Amino acid sequence: MDRNACKGSITVFLSLACILFLSLICAVTESARVQGAKAQSANITGMGTFSLLSEFETGLLEKYEIFSLDGASAGGFQIQTVNSRFEEFVTQNANPKDGLLKSLAFDPWNLEVQKTEITGYALLTDDKGEAFYQQVVSYMEANIGVIALEELLKLADSTDEIEEKQEAYEASQSSSDGQLSELEEEKQEKLEALESEALESGENTEVSVETVSNPLTEIAKLRSKSTLEIVTWDKTVSEKNVTLSTQPSKSTLRSGNLDVETVHSGLVSNVLFREYLIRYFPNYVSGESGASLDYQLEYILGGKATDQKNLKYVVNRLLLMREGMNYAYCAGDATMNAQAGTLATALTGFLGIPALTTATKHAILLAWAYGESLVDVRILLDGGKVPLAKSASSWSLTLENLSNITEILQSGGSGKSDGLSYEDYLRILLNMGTLASQKMRALDLIQAEMRAEDGMGSFQVQNCIVAVATSATYQCGQIFFGLPKVAMGISGADLTFTQTASMAY
């Protein structure tokens, strides 16, 4: 058969049909590729955000278990610098052919990064250190045992009782001072009358009075002195200091525009946060040194400019705490009340003023509790232990020794091993304090300590980024759309779309 004589109408039809089918296949493939490109761009944005936060400050993590991205550059805090790093990560993942033999590589997504932006960020200091608090509690939840937590909660539960007894002691002290002051004039009149009678009769009543040792005189001398000097004696107290006005807790700080997610709150979270403070900040008894202050837990409690002032603040708080607990015990003990009553009668009974004898008995119990409390604080500062609630076996000071309290205090008390330690009492004081001030004062110390590290002299906690929200705009070039455009007359252009992501430590 002569092929040149055959008609070609069927061949042309099949060719046109094939073009249409191929165009449809290309259009469907292009549509699927675009959807894949969108999914890939979302992945790239997420990876870029993750990679950005992977550049956390390692020194801060190693020393304090805190994740943060330092947003500072040579010119201070620059979110544009952070965005530049984000853009680098996104661009590198969006263009995998870069650096390779492009002719041998095929990128089905054909993405090009048009724009990147850090749309939001949160800082470690936001909401008065709330971001710091949330990280700390998350870390402590994963690293503290159930039994240890139960013991810490027991200490936290004792706070209300301690505060009630402190208030009762202060009220009793005020009442006692008022009563003695009111009776002072009557007392003097009685003494003058007795002296006049003694002169007339030739007797000496002063001899019998002076043979009775009055511990209130010695206690009055101690009350006029600095408690810190009394309980530390010849020990060296650190003289380190900081400038409060430059601390983050005293400064106006920048803030991020992302809300800090509040996952942790309540008593358990607060206890965990305060236990973190105990573990990561040195105190007077720990003997550790800091770059800024040595007594850092005391600073968190007191917020004073010097180690000495912070220790003085804590010592006074401990003394008041012990006074409340000790007075509650001795005021309820029948034997101690009887001893105090006997001494009060010996000191004032000859005056014939029953109200004065009663007030003196009350004053002796208060003085006894005060003396015992001084011994307790001395023991704690020496590294010993003191029970929260005293008993007959744990009570140290006899009434006879109250007049010799100065010599007893000099002997110290590091040998005591029953009860709560100095750190345990600091835990109680932390539970009695305000969380907001403790968070920011801890950040004060973190900033100061990090600045002492090599190359960290300009470190600021207000520059520490803990969460970011990012945005990246991509252009998706066409690959399989050429044939449909020609064969089917479909118009099309490169697609542009924006992907967002967010991440927090």
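The basis for the numbers below is simple: all heavy atoms, side chains too, and nothing from hydrogens, waters or symmetry mates. In this text the structure is predicted, and so the values were computed from the model without any measurement.
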Q.
For Q92 and E88: C-alpha separation, side-chain torsions, deciding distance, then whether side chain to side chain donor-acceptor pair (under 3.5 Å) applies.
A. CA-CA 6 Å; Q92 187 173 356; E88 289 179 20; over 6 Å; no
(Q) Let's go through F86 and V82 carefully: what are the C-alpha distance in whole Å and the side-chain angles of both, what is the deciding distance for side chain to side chain contact (heavy atoms under 4.5 Å, CB included) to 0.1 Å, and is it a yes or a no? (A) CA-CA 6 Å; F86 172 63; V82 178; 5.8 Å; no
Would you give the length of the straight line joining atom [atom1] of [X] to atom [atom2] of [Y], rounded to the nearest 0.5 angstrom?
X    : Y    : atom1 : atom2 : answer
R378 : L318 : CZ    : CG    : 14.5 Å
M503 : L69  : CE    : CG    : 12.5 Å
S158 : N431 : OG    : CG    : 7.5 Å
K128 : L435 : NZ    : CG    : 11.5 Å
F497 : Q475 : CZ    : CD    : 9.5 Å
K250 : T243 : NZ    : OG1   : 13.0 Å

**Request:** Given side chain to side chain contact (heavy atoms under 4.5 Å, CB included), test M432 with Q166 step by step and report yes or no.
**Result:** CA-CA 12 Å; M432 295 169 69; Q166 283 183 6; 3.7 Å; yes
Is the side chain of [X] donor-acceptor paired with the backbone N or O of [Y] at a distance under 3.5 Å, no angle test?
X    : Y    : answer
Q447 : V461 : yes
Q462 : S255 : no
E141 : S138 : no
N83  : E117 : yes
E298 : N283 : no
S174 : A171 : no
N257 : Y121 : yes
N316 : K312 : yes
Q499 : K38  : yes
E423 : I278 : no

Return the minimal non-hydrogen interatomic distance between [X] and [Y], and the atom names on each side.
X    : Y    : result
V285 : L380 : CG2-O, 3.6 Å
A369 : C330 : CB-SG, 4.1 Å
Y505 : I465 : CE1-O, 3.4 Å
S249 : D444 : OG-OD2, 2.5 Å
L366 : S176 : CD1-CB, 3.4 Å
I44  : N93  : CD1-O, 3.7 Å

Counting C-beta onward and ignoring hydrogens, is there a side-chain heavy-atom pair between [X] and [Y] closer than 4.5 Å?
X    : Y    : answer
T496 : Y474 : no
L420 : L155 : yes
Q460 : L253 : no
N463 : L123 : no
F132 : I446 : yes
F56  : T58  : yes
L320 : E170 : yes
Y370 : N326 : no

List the steps, then state whether side chain to side chain donor-acceptor pair (under 3.5 Å) holds for E239 with T306.
-> CA-CA 7 Å; E239 297 181 356; T306 68; over 6 Å; no
- Query: Do R317 and L301 pass the side chain to side chain contact (heavy atoms under 4.5 Å, CB included) test, and can you show the C-alpha distance, the side-chain angles, and the key distance before you say yes or no?
  - Reply: CA-CA 10 Å; R317 291 290 306 278; L301 286 164; 5.8 Å; no
Check: Under the side chain to side chain donor-acceptor pair (under 3.5 Å) criterion, do S471 and T500 qualify, and how do the steps go?
Finding: CA-CA 4 Å; S471 171; T500 60; over 6 Å; no
Across all chains, not counting sequence neighbours, the salt bridge (Lys or Arg N to Asp or Glu O under 4.0 Å) partners of K235 are D382
Review point. Taking NZ, NE, NH1 and NH2 as the nitrogens, is one of them in E150 or K154 under 4.0 Å from a carboxylate oxygen of the other?
Key: no
Exercise for review: Apply salt bridge (Lys or Arg N to Asp or Glu O under 4.0 Å) to E372 and R322, showing your working.
Suggested key: CA-CA 8 Å; E372 180 77 3; R322 291 307 319 152; over 6 Å; no
Return yes when atom [atom1] of [X] has more than 12 non-hydrogen atoms of other residues, nucleotides or ligands closer than 6.0 Å, and no otherwise.
X    : atom1 : value
K390 : NZ    : yes
E55  : CD    : yes
E453 : CD    : yes
N43  : CG    : yes

When you look at S238 and Y284, which way does the side chain to side chain contact (heavy atoms under 4.5 Å, CB included) test go after all the steps? CA-CA 9 Å; S238 168; Y284 175 81; over 6 Å; no
Hey, are [Y] and [X] close enough side-chain-wise for a donor-acceptor pair under 3.5 Å?
X    : Y    : result
S373 : Y327 : no
E323 : Q173 : no
S421 : D424 : yes
E130 : Q134 : yes

**Message:** Under the criterion side chain to side chain donor-acceptor pair (under 3.5 Å), I'd like the reasoning laid out for T49 against T470: C-alpha separation, chi angles, the key distance, then a yes or no.
**Reply:** CA-CA 7 Å; T49 306; T470 59; 2.8 Å; yes
Exactly one candidate in Y169, W368, W395 meets ring pair (Phe, Tyr, Trp, His ring centres under 6.0 Å) with Y329; the answer is W395
Per ring pair (Phe, Tyr, Trp, His ring centres under 6.0 Å), F281 is matched among Y299, Y64, Y295 by Y64
Q. Think K439 forms a cation-pi with Y133, using NZ or CZ under 6.0 Å from the six-ring centre and within 45 degrees of its axis?
A. yes
